[in-house]
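Everything on this sheet refers to the single structure shown next.
Letters A, B, ... are given to chains in the order of the sequence lines, protein chains preceding strands, and every chain is numbered from 1.
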Amino acid sequence: MSEATQTASASTLIRNPYEPQLATIAKIIDETWDTKTFRAVFNDEDLRENFTYEPGQFQIVSVFGVGEATFCLTSTPTRKGYVEFSVKRVGSVTTALHEMYEGQIVGIRAPLGNHFPYEQWKGKNLVFAGGGIGMAPMRSLLNFCLDNRSDYGDIIVIYGARTPGDLCYKYEFDEWRQKANLYLTVDQADNDWKDHVGHVPGYLKELAPSAENAIAITCGPPIMIKYILPEFANLGFSDEQIYTTLEMKMKCGIGKCGRCNIGSKLVCVDGPVFSNAQLKELPPEF
Amino acid sequence: MADKILPKDKIPGFIDALQKQFVVVAPVERTDAPAEFKEVAPGDNLILDGSQMMMPPKDYLLPRYETLLKVSARPGEVEVQPVVPENKPRVMLGMWLPDAQAIQVLDRVFLDGKFKDPYYAARRENTTLVAVMPAEMRWSWFCASTDDVEKWKPNVDAIMYDLGDRFYIEVTSPKGEAVVEWDGLSAPSSDDVENKNRLWEQFKSHNVLPFSDGKFYERLAWDHPIWAEIAQKCIGCGVCSYMCPSCSCFDIQDEVCGTCIERYRCRDTCQFEEFTLMGSGHNPRPDQLPRSRQRLMHKFKYQHEQYGVVGCTGCGRCVELCPVNVDIRDVLNKVCAEREPEPTT
C-alpha cells in the first residue's frame, strides 16, 4: 500500500483492541502431563495495579512470532496483581507456551467476552460440575465465590478427570474442601485413589443436589456436557438455572473476524457464558 | 441538495478538483491484473462507466492483507507498535450502488458494537461514498430481490447516473455536497432528470425474483435439505466469499523476519476447513454441508438479525464466478417456494 502510516499513540487513538499488552510470566505450574498454568504480570505498572475483569471472561495471549490463542481467565479478580491461564498442549501456540520459562514476555489482550451473572446469584446455592480442563473457566468463578463466601449458600463442586493425574489445581483442593463441598471423581483410579470412580454425570445423579434456589455451572468436554444436561434436568434444574461456557476458535476476540459466529451470536462478544435457555435458541451446531 | 451534470470529457478536471480536498479512490485499470480500487495517481486510467468491477471496493477499506502490528522481539525486550492507516478525507468513486450498500454491511461489523476496528475506521469514517448507476443492467444482478433498494440511497453520499455522454450526479447526503462544488459542473435539464429517473426505475425492476418478498430470511431453515444439495456440488474454493463485496471474515497470523515480527490479517472464509478447526482437533463444521449453510444463513438471516441489514446486495459475483455453478438465486427461490414463513417471535 502506498498509504502513509502513522504510529499509534495514546493521543491519536482510543485503545487499539488488537494491541496486546506486554506481560511477564511470573510463575509456571505443571498441572498434568499436558497442561500448565501460567501466571502473568503486566509490565505496565498502571495496568498491573488497575487491571480488572469478571469471572468467565477470557484473554487472547500472544507468543510473539508464533501467534495468538484464546484462554479463559482462570484466576479470580479478587486476587489482584496477576492473571492466570491454563494451557493444554494441543497446537502451535500452546506448544510454544509450554516451551517458555519464567521471566519471558507474552502479550495479553483482555478482558474479553461476557461473564457469569454472579450478581444475580447472591443467596443461591451453586453446583459446579466440571470435567478435565473444563475446570479452568469455572475455577475463576469458584474462587471468586469462595472469596465472597457469605454472598452464597451451599457450594458443591463435582470435578472429574480421566485419571488422578489429569486433575488440575490439586494445590487448591484443601481450600475448596474447607469452604465448599468438593467431590472428586476419575474414570480410572490408581492404587492411591480414595475418592469416587466414575463419570461426572453419573456422580451428579448419585449426589443429587437440590435444584431449589440453585444454579448449576458446568464446563467440560462436549461428551460430558451432552450427558450432564439431562441429569441436571432430572434433578429439576430449568434451562435458566444451568450455565456453561462455549469454546470456539477465535482470532480477533472483538466480534470482527467472524469465525466464532453461531446463529445471530458471536461467542467472543455475546459469550462465552450462556445459559442453557440461551443455547437452545441457537442453531444446534455445537 | 443541488444535483449536477458532469460531462464525461470533464472527468479529468473533476478528479483534479476533488484531489485538492480529498484523497480520491477509484477503480484503476491495470495491465497485469483486473482493475482495482486504489488511490488515484497521475496518469491512472479510471473506470467510471459503472461496468461492474470484479474486484470489490472492500479491497481498499479492508485490504486483502494488512499489517496490524510491528513487534520487535529480543530476549527480555519486546516492543509492540500498531500500524494504523492515516485518517484523512477521502472520496471513493465509481463503485456500483450495491457494492456501496455492501459497505453498510462492513460498517455494521467494523464500526458498531463494543469494539470499533481502528484500521477500518481510519479508512472509512472520513470517506465520502459516490456510487455509480450504470446505463445497462447485467444478467447476474438481482439487487432489488434482496432488499428495498430505495433504502440504500441515503447510505451513499452521491450517485452518478451514466447518461451516455454525461453523468447525472445526485446528492443523497449532506456529506455529498462537497462532491458537486466544482464550478465545471452544470445544472441538469428536465431531460436529464427524466433519464436519471428512468435508470433508477430500471435498476429497481431488474431481476426481481420469486423469493424477493423481503421475508426470505425467515424462511431459511437450519435443517433444510437444500444445504446437502449445495454441499454436493460445492468444492469449497471460497471464491464466493473472497470476491463478495460484504464478506469480511479474516485470519490473524504472525510473520517473522529476524527479530522483527509482523502481525497481519488476511482474508479467510467459512468455506475452509481450518476456519473453525480447533487446536484440540474438534471441528464444529467438519464438512461442506455446515459450511455452505453457514455462509448463506449468515448473509441472509443471521446478519439481518444482528444488524438489521441483509448481508447480500445482489451483486451477482458469486453467481458469475462459482466454478460449479452454485447459483444463490436458485437456492433462495427453491427455499422460498417450498416453505411457508415461520411465525415471527
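- Checking B:R263 against A:Y18 by side-chain atom types alone, no donor-acceptor pair falls below 3.5 Å.
- Put simply, CZ on B:F110 and NZ on A:K256 are 7.5 Å apart, with the number rounded to the nearest 0.5 Å.
- The heavy-atom pair separating A:R259 from B:D251 by the smallest distance is NH2-CA, 3.5 Å.
- For B:Y120, no part sits under 4.5 Å from any heavy atom of chain A, backbone or side chain.
- Annotation for A:Y227: atom OH does not count as buried by contact number, only 12 or fewer foreign heavy atoms lying within 6.0 Å.
- Between the CG atom in A:N114 and the NZ atom in B:K114 there is a gap of 8.0 Å [rounded to 0.5 Å].
- Counted within 6.0 Å of NE2 on A:H199, heavy atoms from surrounding residues, nucleotides or ligands total 12 or fewer; the atom is thus considered open.
- Ranked by heavy-atom pairs shorter than 4.5 Å toward chain A, the options B:D117, B:V256, B:D268 are led by B:D117.
- With a threshold of 4.5 angstrom between heavy atoms, A:I254 approaches chain B through its backbone and through its side chain.
- Taking all atoms of both residues into account, the shortest heavy-atom contact from B:Q253 to A:K251 is NE2-NZ, 3.7 Å.
- For B:E77, the part lying under 4.5 angstrom from a heavy atom of chain A is the backbone only.
- Ranked by heavy-atom pairs under 4.5 Å with chain B, the list A:G107, A:S62, A:G91, A:G103 is led by A:S62.
- Contact tally against chain A (heavy-atom pairs below 4.5 Å) for B:T269, B:L68, B:L277: the top residue is B:L277.
- Heavy atoms closer than 4.5 Å to chain B are found in the side chain of A:L112, but not in its backbone.
- Minimum interatomic distance between A:E68 and B:I252 (heavy atoms only, all atoms of both residues): OE1-CG2, 4.3 Å.
- Summarising the geometry, atom OH belonging to B:Y302 is positioned 12.5 Å from atom NZ belonging to A:K265; distances are rounded to the nearest 0.5 Å.
- Distance check, rounded to the nearest 0.5 Å: CG of A:N261 to SG of B:C249 gives 7.5 Å.
- To the nearest 0.5 Å, atom CD of residue B:Q306 and atom CG of residue A:L266 are 5.0 Å apart.
- To the nearest 0.5 Å, atom CD1 of residue A:I262 and atom NE2 of residue B:H298 are 12.0 Å apart.
- Among A:G258, A:G67, A:C257, the residue making the largest number of heavy-atom pairs under 4.5 Å with chain B is A:C257.
- At a 4.5 Å heavy-atom cutoff, the contact between A:C252 and chain B is made by backbone and side-chain atoms alike.
- With a 4.5 angstrom heavy-atom cutoff, B:V109 touches chain A via backbone and side-chain atoms both.
- Considering every non-hydrogen atom in both B:V71 and A:F64, the closest pair reads CG1-CD2, 3.7 Å.
- For B:R30, the CZ atom counts as densely surrounded, since its 6.0 Å shell holds more than 12 non-hydrogen atoms of other residues, nucleotides or ligands.
- Contact of A:V93 with chain B is not made at all, since no heavy-atom distance falls under 4.5 Å.
- Between B:V80 and A:P20, the shortest heavy-atom distance links the atoms CG1-CD, 4.1 Å.
- Across every non-hydrogen atom of B:V84 and A:N16, the tightest pair is CG2-ND2, 3.8 Å.
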